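Quick caveat, the model's predicted, so the values are computed rather than measured. Start at 1 and go down the list; that is how both ligands and their atoms are numbered.
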Amino acid sequence: MAQSLIHEVIPVGMLQCNCSILGDPTTHEAIVVDPGDEVDRILEILRKHKLKVLAIVSTHTHIDHVGGLARLHEVTGAPVLMHKDDLELYRHLDMQAEWLGVPAPEMTNVDEFLREGDSVKWGEFEARVIHTPGHTPGSLCLYLPSHKVALPSTGDSQAASRASSHAKEHGTTGPRLIAGDTLFAGSIGRTDLWGGSLPEIMKSLRTKVLALPDETFVLPGHGPATAIGAERESNPFLRAG
Ligand SMILES: [Zn+2]
Ligand SMILES: [Zn+2]
């Protein structure tokens, strides 16, 4: 029997971006999604599970999601993957830093561009890339179909505790979505920053995100976890009419 997916979530940095570490406990292969900051904490979790990083994926290139990209790439040697439409935004990391009043993080080269329908694989697991423009032009979500999942094991965050109570309620085999800043519990991503578009994000949400099964566990880029069904029902931005 295949062992459970390792899914550790740690909110990192000043804006508490939810960084995901997704690992296969058998092959010890892993991917890291949105290493926004606090690379040492990310490395500690990788060491704890003896994981080798095969890829580093950015859901989009706002500074709070890519601040630790260069350093994690340097240390692990893993390729950096993102959607091409967010490359321009990534190139302006220094302006983003200035806007937030923080030092500009180191930049790295992008090794591969992800497109709608691509798969990112590690061990026995794989995630499908869903291009969800709107928050930024190259925003993407990662969708993992049903599989065995472990309870998120960090006890220090609201996201992790909501995630683990969700997993207890809904069993441990449901699909999951790493949503970046496209969908939040009770809200959606802002569209007033560079490259943002309200019509685009609404189209992404209605035609792609809401097309996923209700039981899909959703880990947003910030804040608590949720589920597609719950958002379909009660998210004020998504209700029909
Ligand atoms: Zn963002
Ligand atoms: Zn963010």
Testing the basics here: between Tyr90 and Glu106, what is the closest heavy-atom pair and its distance to 0.1 Å? OH-O, 4.4 Å

Pair Arg91 + Asp86, salt bridge at N-O below 4.0 Å: no

Would you indicate whether the side-chain heavy atoms of Val129 and Glu116 approach each other to under 4.5 Å? no

Where the Zn ion (ligand 1) is the centre, what is the ND1-to-OD2 angle for His62 and Asp181, rounded to 10°? 170°

Looking at NE2 of His135 and CD1 of Ile188, how far apart are the two atoms once the value is rounded to the nearest 0.5 Å? 11.0 Å

So, 2.8 Å as the limit: is an N/O/S atom of His65 located closer than that to the Zn ion (ligand 1)? no

Under 2.8 Å from the Zn ion (ligand 2), is there any N, O or S atom belonging to Cys17? no

Asp64 near the Zn ion (ligand 1): N/O/S under 2.8 Å: no

